[in-house]
Amino acid sequence: MNKYITSKKHKTVNYLGASVVTAAVLLTTPLILNAESTVLPSVEVETDKTIDYTDTYKVNKSSSAKVVQDLVDTPQTIQVITKKVMEEQKATTLQEALRNTPGVTLLLGEQGNTNDKNNISMRGFDVNSSIYKDGIKDLNAATKDMFNTEAVEITKGTVGADNGASVPSGYINQVTKTATNKDKGEVTGSYGTADNSRLTADLNKALSETSGVRLNVMKQDGEVPGRDEVELDRLGIAASVAFGIGTNTRSSFSYERYEQDDVPDGAIPVIGLKGYYNSNSALMGANKVDTSNFYGTSNDYEKVTTDTFTAKFEHDLSDKTTVTNTTRYGKSKIDSLLTQSAALTLTNANPSNWTATRVAQARWQENEILANVTNFKTSAQTGSVIHNISSGFDVSIENQTTKIRTANGITADEKLVNLYNPVTIGYSNLSLDPTGARTFGETKNLGAYAFDSINLGEKVILTGGGRLDKYETKTDITALSTATSNPTLPVGTLVPSNLEDSGTLKSWKVGAVYKPLDNGSIYISYADSQLPPSGANFTLSSSATSGANPEMDPQEAQTIELGTKWDLLNNRLSLTSAIYKTINQNELINISSTSIAEYEQVGEREVKGIELGLAGQITDAWSVTAGVAKSESEITKGTTATTGSALAYTPKWTATLWSSYNFTKDLTAGMGARYSGKMYAGYASAANQNGTVAPADGRLTEVEAYVVYDAMASYKISKNLSTQINIYNLADKEYVANVNKNGNRYTPGAARSGLISLAYKF
């Protein structure tokens with residue numbers, strides 16, 4: 001088969017029609033409560049920039065220095081999940097925290113990455129390469145524990161002007177804890193279903209009126225409710241020291257260490273689920289496997305270590321001008337062996353004799369980042385015009401090393417496992433042997449940005465800015481030769497190669513805000529972003545069929561958003577609504593309808609939708625955070641088979657709700673629900689969506705909708721001592737928590753479980 005590629009240059013940006021704007025006007029008539037008309041004050045940089053996430057569902061500002069206005073006046077969807085919400089839910093990982101935002105779905109990894117806890121899709125696009133910690137990219141691919149996290153900020157839409165190379169759907173930022181100048185401490189112990197225990201301590205000591213030191217520790221051990229053999233064993237230590245708190249010159253230094261030694265979950269086959277497809281109609285009615293089944297072995301493991309060092313300096317040049325410089329070095333390593341079920345043998349007349357083939361996947365990967373960010377933030381006023389300026393530059397070196405190993409010594413009998421009654425074994429003669437093959441990828445980036453938000457009197461705010469990035473990526477590959485790839489060499493010979501790519505990325509955004517009243521805004525914004533080849537994983541490819549080929553142009557994305565935000569009930573409750581449209585262009589697709597493949601960068605995907613959010617206090621005793629989103633996704637330009645289909649595993653409807661009520665000053669109860677609508681496996685779905693391609697055998701073509709309920713109650717026993725009980729999945733709902741891209745394996749949602757905690761504050 002002959003293949004060739006065509007790079008599509010100078011692609012025209014597809015701007016959105018006025019119909020989107022017209023439809024969004026319907027959203028801009030919220031109920032206005034307790035509004036107060038006041039003159040906009042002069043904007044000044046505050047000496048104390050600390051945001052309190054402890055006792056509230058709602059915050060007014062973003063931790064990002066690039067967001068200069070209050071959230072109510074920022075023309076973009078930004079949600080903040082606070083420490084209070086996470087503590088009430090006892091959310092311990094990033095994935096658990098993200099249950100509080102709509103439009104987010106979770107996927108299962110492939111090729112030994114199944115237990116990667118960060119396979120996150122947002123508004124239909126993979127967001128794994130756009131996860132940050134304090135505004136700097138977080139390359140850790142293992143579980144992101146929340147023991148050292150104050151809040152999680154989710155910014156939706158294209159964000160190239162903020163971060164440079166980025167995915168179309170936005171980014172997630174974790175706000176870490178830092179030392180304060182107050183004496184306080186909290187020790188919490190939890191124990192729950194499946195012998196799951198967790199101990200955390202958060203200790204802060206004032207060294208003086210302007211300095212302090214803080215220590216956070218975490219230890220967790222146990223199993224996963226409803227899953228056999230899967231185990232958790234995690235340890236975290238984070239220390240920070242801060243000087244100059246409350247003065248014009250501030251500095252902080254921190255170190256975080258995280259260790260993980262889990263038995264990973266290789267998921268289970270999808271056979272028997274609603275949406276399972278097999279061309280053999282007799283197999284369509286097969287029973288599903290028990291959701292507790294484990295198809296791995298006693299040899300399976302997942303060892304992770306991460307180390308992160310951060311130094312931050314801030315200086316107020318005046319009461320309106322602040323310079324901030326942050327340096328971070330981070331390194332993470334994952335070493336794992338994951339055994340998962342693969343091909344099923346379903347030919348025996350007796351289903352109890354059906355088998356699955358075990359496949360052992362070894363993984364060794366190391367990530368490293370060194371970054372420095374300098375930000376200059378100021379404000380200036382001339383008459384009734386106020387400028388709020390944020391500018392700066394950043395430099396980073398990111399790299400990833402992957403070493404290839406094979407699992408040898410596994411016998412044919414050890415590879416087979418009974419489908420409905422799997423028995424956990426240990427490989428009798430297993431060896432993990434390095435092949436010598438490896439991939440090293442490195443990206444160097446220098447970026448500069450500038451934003452200006454202009455208050456024109458009391459009613460109008462104009463925002464705009466841009467970013468310029470110079471990047472250089474190189475990939476060094478040592479591969480094993482094959483008879484096809486290197487016919488003149490002995491099979492298995494190590495063959496080195498290297499690829500390079502470099503270029504300039506330009507991104508920008510603009511927005512206009514109209515304030516009918518001081519406590520509300522109506523806005524429209526436009527932003528774009530670019531993602532160069534290998535921008536998501538450092539690995540360039542010489543393949544003509546890969547978008548990571550350095551001959552390819554960057555993918556381009558644009559988002560237009562129209563919305564309204566209101567701070568109600570004396571600024572205690574935030575109400576937001578937005579309608580948006582995101583287009584991702586320059587995707588590499590096969591445009592040929594013959595056996596001769598022809599690849600060209602004309603692919604395009606589109607997601608448009610509406611999102612509503614609510615966060616804060618309805619009364620002094622009643623708090624709520626909620627969101628609902630509806631999205632319509634489509635491959636607008638794809639192959640003959642895919643054009644017109646929805647994006648894979650992107651539900652139309654998602655919703656989340658969490659609410660708590662203080663019945664007395666000591667007793668609080670809360671309850672919440674999470675809803676995910678039906679999802680399809682791309683074009684290979686029920687009725688094939690566009691009727692052109694039959695589903696593949698043994699695949700899940702659709703994922704059923706589900707709703708899960710959780711609840712909690714806490715009681716303050718004394719001034720310092722409190723207890724809390726959490727119940728998860730109250731109705732013991734069986735559902736598909738995530739599914740791999742091939743649609744042949746899934747992770748069941750955790751069964752009903754309980755957790756009791758005891759906390760001592762001092």
Side-chain angles (χ1 to χ4, degrees), residues 8-17 20-21 62 64-69 71 73-78 123 125 127 129-130 132 135 137 155-171 173 373-378 387-396 445-456 460-471 502-514 521 523-532 535 553-563 578 580-586 604 606-608:
K8 187 172 180 66
K9 303 287 186 179
H10 310 297
K11 187 167 180 67
T12 304
V13 174
N14 183 8
Y15 291 94
L16 303 177
V20 176
V21 176
S62 167
S64 173
K66 300 167 186 174
V67 180
V68 295
Q69 296 282 357
L71 291 179
D73 296 330
T74 300
Q76 191 167 13
T77 297
I78 301 176
R123 288 187 174 179
F125 295 96
V127 76
S129 62
S130 291
Y132 290 73
K137 189 172 290 187
T155 301
K156 298 180 180 179
T158 46
V159 290
D162 290 351
N163 300 325
S166 59
V167 298
S169 54
Y171 72 102
N173 184 48
V373 181
T374 299
N375 177 263
F376 177 84
K377 192 173 181 179
T378 189
H387 292 266
N388 299 279
I389 300 170
S390 178
S391 61
F393 62 90
D394 51 61
V395 59
S396 64
N445 191 85
L446 175 63
Y449 61 88
F451 306 109
D452 190 5
S453 181
I454 307 170
N455 293 64
L456 300 176
V460 178
I461 303 173
L462 302 179
T463 65
R467 180 182 173 100
L468 184 69
D469 285 273
K470 297 283 290 184
Y471 73 91
S502 61
T504 301
L505 304 178
K506 300 176 183 178
S507 305
W508 58 284
K509 63 180 180 181
V510 292
V513 177
Y514 174 70
S521 67
Y523 67 87
I524 186 170
S525 63
Y526 171 88
D528 70 0
S529 67
Q530 294 178 293
L531 187 67
D553 291 336
Q555 292 186 24
E556 299 176 359
Q558 308 91 36
T559 295
I560 188 169
E561 179 172 312
L562 178 62
Y580 68 91
K581 185 175 184 179
T582 296
I583 299 174
N584 194 58
Q585 300 167 310
N586 276 12
E604 181 179 282
E606 175 184 293
V607 179
K608 54 187 177 183

Minimal non-hydrogen separation, Y449 against F393, with atom names: CE2-N, 3.9 Å
Nearest 0.5 angstrom please: E561 CD to T158 OG1, how far? 9.5 Å
May I have the step-by-step check of side-chain contact (heavy atoms from CB on, under 4.5 Å) for E604 and I583, ending in yes or no? CA-CA 7 Å; E604 181 179 282; I583 299 174; 3.7 Å; yes
Taking every non-hydrogen atom, the tightest pair across S453 and I461: OG-CG2, 3.4 Å
Once the angle between the rings of W508 and Y526 is folded into 0 to 90°, is it parallel (under 30°), tilted (30 to 60°) or perpendicular (over 60°)? tilted
Okay, side chain of S62, backbone of V67: is any donor-acceptor separation there less than 3.5 Å? no
Interatomic spacing from OG in S396 to CG in D469 - rounded to 0.5 Å: 8.5 Å
May I ask you to say whether K137 pairs ionically with D394, meaning some side-chain N is under 4.0 Å from a carboxylate O? no
Rounded to the nearest 0.5 Å, what's the gap from NZ on K377 to NZ on K66? Could you check? 12.0 Å
How long is the gap from CG on L446 to NZ on K470, to the nearest 0.5 Å? 9.5 Å
Among residues two or more places apart or on two chains, list those pairs meeting salt bridge (Lys or Arg N to Asp or Glu O under 4.0 Å) that have a residue in residues 157-171. D162-K509
Strictly distance-based, threshold 3.5 Å: is any side-chain N or O of Q530 a donor or acceptor partner for the main-chain N or O of K506? yes
Whether the side chain of N375 engages the backbone of G392 through a donor-acceptor N/O pair (distance < 3.5 Å, no angle test) should be reported. no
Quick one: side-chain contact (heavy atoms from CB on, under 4.5 Å) partners of A512, sequence neighbours excluded? L462, I524
Quick one: is the NZ or CZ of K156 closer than 6.0 Å to the six-membered ring centre of Y580, and within 45° of its axis? no
Given side chains that start at C-beta, do those of N455 and Q69 come closer than 4.5 Å, heavy atoms only? yes
Which atom names give the shortest non-hydrogen contact between Y523 and Q76, and what distance separates them? CE1-N, 3.8 Å
Gap separating the CG atom of N163 from the OH atom of Y132, nearest 0.5 angstrom: 3.5 Å
Using the side-chain contact (heavy atoms from CB on, under 4.5 Å) criterion, which residues pair with S166? Sequence neighbours excluded. S130, V159, S529
Which pair of non-hydrogen atoms, one from P554 and one from L505, has the smallest distance, and what is that distance? CG-CD2, 4.0 Å
State, to 0.1 Å, how close S129 and V167 come at their nearest heavy-atom pair, and which atoms those are. OG-CG1, 3.5 Å
For the residue pair T504 and Y471, what are the closest heavy atoms and their distance? N-CE2, 4.1 Å
For V68, which of N388, T463, I389 qualifies under side-chain contact (heavy atoms from CB on, under 4.5 Å)? N388
To the nearest 0.5 Å, atom OG1 of T559 lies from atom CG of N584 at 9.0 Å
